Amino acid sequence: MREQLQVSDRFVVGHFGRFVEQKNHLFLIDVFSEVLKTEPEAVLVLAGDGPLVDRVMSYARQKLPESSFLYLGIRSDTADLYQALDAFVLPSLYEGVPGTGIEAQAAGLPFIFSDAVTDEALIIDSAQRLPLTLGASQWAKAICAHKGDIREDQDVRMREAGYEVSEAAENLARYYERLVEDFI
């Protein structure tokens, strides 16, 4: 996947999600601008769609060299895309438990996310919650600290956290059964 994206030897930071105010893409662009000061060959990979995509891409073109970011649009191969990343960043203004963050951690990626995201999103050791008030340069420092990290298999950790497909399906079935019982 890294070869396909032509980022083979670069430090690759990613963010996948809807382009809406909640996801705080403009701050992400500011953060990545700071990452480039330490890692000038880094690249930001963005995937998703939404009402703010044009605004975010315009801001990225103003703040970042064109060769330092890739916008991939809507993708159905995010499982493969996670394999191309070195870190996943989610600076949301508010968020429940983000599916993309869970997926990133399942892929063994360092996951740097805002303290506006719920505690339940913190699963693997390389996951890190940061206040948005730290500012872009401190976020960039936290991201760059993961350059060269070796990924580890997170299967056991994800299962312990309740993210195993058959267990999750059983939990969801029990939840719906309780809803039906309460309704009747």
Side-chain angles (χ1 to χ4, degrees), residues 1-8 10-25 27-29 31-32 35 42-50 52-53 56 69-130 132 139-140 142-173 175:
M1 185 54 71
R2 289 176 74 93
E3 285 179 22
Q4 184 180 340
L5 296 175
Q6 299 178 353
V7 297
S8 295
R10 299 171 78 180
F11 180 57
V12 184
V13 177
H15 173 90
F16 311 149
R18 285 196 31 82
F19 282 71
V20 293
E21 203 70 40
Q22 159 193 354
K23 301 296 184 181
N24 206 11
H25 286 92
F27 179 71
L28 175 62
I29 301 301
V31 168
F32 193 73
V35 166
V43 62
L44 176 64
V45 176
L46 301 167
D49 197 11
L52 299 182
V53 70
V56 172
F69 67 95
L70 297 172
Y71 171 60
L72 306 177
I74 297 173
R75 297 290 291 248
S76 61
D77 61 345
T78 53
D80 294 329
L81 289 175
Y82 288 116
Q83 300 311 310
L85 305 181
D86 294 302
F88 190 82
V89 181
L90 188 67
S92 297
L93 297 171
Y94 55 93
E95 189 93 38
V97 179
T100 56
I102 303 305
E103 291 170 353
Q105 290 175 90
L109 284 170
F111 175 43
I112 296 89
F113 60 104
S114 78
D115 61 355
V117 177
T118 61
D119 286 336
E120 291 84 9
L122 187 60
I123 300 170
I124 68 174
D125 294 337
S126 62
Q128 185 177 5
R129 291 179 83 216
L130 298 175
L132 292 170
W139 271 69
I143 293 165
C144 290
H146 292 286
K147 184 177 182 192
D149 280 8
I150 304 297
R151 288 194 202 187
E152 296 178 10
D153 185 340
Q154 298 298 329
D155 188 54
V156 172
R157 192 71 178 264
M158 297 305 290
R159 286 175 192 266
E160 289 172 351
Y163 292 101
E164 196 278 324
V165 70
S166 62
E167 182 180 326
E170 287 177 30
N171 290 339
L172 188 59
Y175 171 76

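All heavy atoms count here, side chains included; hydrogens, waters and symmetry mates do not. Please read all numbers here as calculations on a predicted model, not as lab measurements.
Taking OG1 of Thr118 as the reference point, atom OH of Tyr94 lies at 14.5 Å (rounded to 0.5 Å). We find the CG-CD distance between Leu52 and Gln22 to be 11.0 Å, quoted to the nearest 0.5 Å. One distance of note links CG of Leu81 with OG1 of Thr100; it measures 12.5 Å at 0.5 Å rounding. Atom-to-atom distance recorded for Thr78:OG1 and Gln83:CD is 10.5 Å, nearest 0.5 angstrom. One distance of note links CG of Leu85 with CG of Leu44; it measures 9.5 Å at 0.5 Å rounding. Here the CG atom belonging to Asp49 is positioned 4.0 Å from the CD1 atom belonging to Ile74, to the nearest 0.5 angstrom.
Looking at heavy atoms from C-beta onward, Tyr71 lies out of side-chain contact with Val56 at the 4.5 angstrom threshold. Annotation: side chain of Leu70 is in contact with side chain of Val7 (closest heavy-atom distance under 4.5 Å).
In this structure, the side chain of Tyr82 does not engage the main chain of Gly108 through any donor-acceptor pair within 3.5 Å. When atom types are taken as modelled, the side chain of Asn24 and the backbone of Pro91 share a donor-acceptor pair closer than 3.5 angstrom.
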Under the criterion side chain to side chain contact (heavy atoms under 4.5 Å, CB included), I'd like the reasoning laid out for Arg2 against Asp86: C-alpha separation, chi angles, the key distance, then a yes or no. CA-CA 11 Å; Arg2 289 176 74 93; Asp86 294 302; 3.4 Å; yes
Go through the steps for Ser114 and Leu93 under the test side chain to side chain contact (heavy atoms under 4.5 Å, CB included), then give the verdict. CA-CA 7 Å; Ser114 78; Leu93 297 171; over 6 Å; no
Just do the side chain to side chain contact (heavy atoms under 4.5 Å, CB included) check on Asp80 and Gln4 with the steps written out, would you? CA-CA 11 Å; Asp80 294 329; Gln4 184 180 340; over 6 Å; no
Check the pair Leu46 / Leu28 against side chain to side chain contact (heavy atoms under 4.5 Å, CB included), numbers first and verdict last. CA-CA 10 Å; Leu46 301 167; Leu28 175 62; 3.8 Å; yes
Enumerate donor-acceptor pairs with a distance under 3.5 Å from any side-chain N or O in residues 12-21 to protein atoms, sequence neighbours excluded.
from, atom 1, to, atom 2, distance (Å)
His15, ND1, Val89, O, 2.8
His15, NE2, His25, NE2, 3.1

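Taking both residues in full, the closest heavy atoms of Asp115 and Arg129 are given as O-NH2, 2.6 Å, listed atom of the first, atom of the second, then distance. The two residues Phe113 and Trp139 have their closest heavy-atom pair at C-CH2, 3.5 Å. In plain terms, the two heavy atoms of Ile143 and Ala87 that are nearest each other are CG2-CB, 4.4 Å. Closest approach of Phe88 to Gly101, counting heavy atoms only: CE2-N, 4.3 Å. Listed here is the closest heavy atom pair of Ala42 and Arg10: O-NH2, 3.2 Å.
Ser92 meets the side-chain hydrogen bond (donor to acceptor under 3.5 Å, both in side chains) test with Glu95; sequence neighbours excluded.
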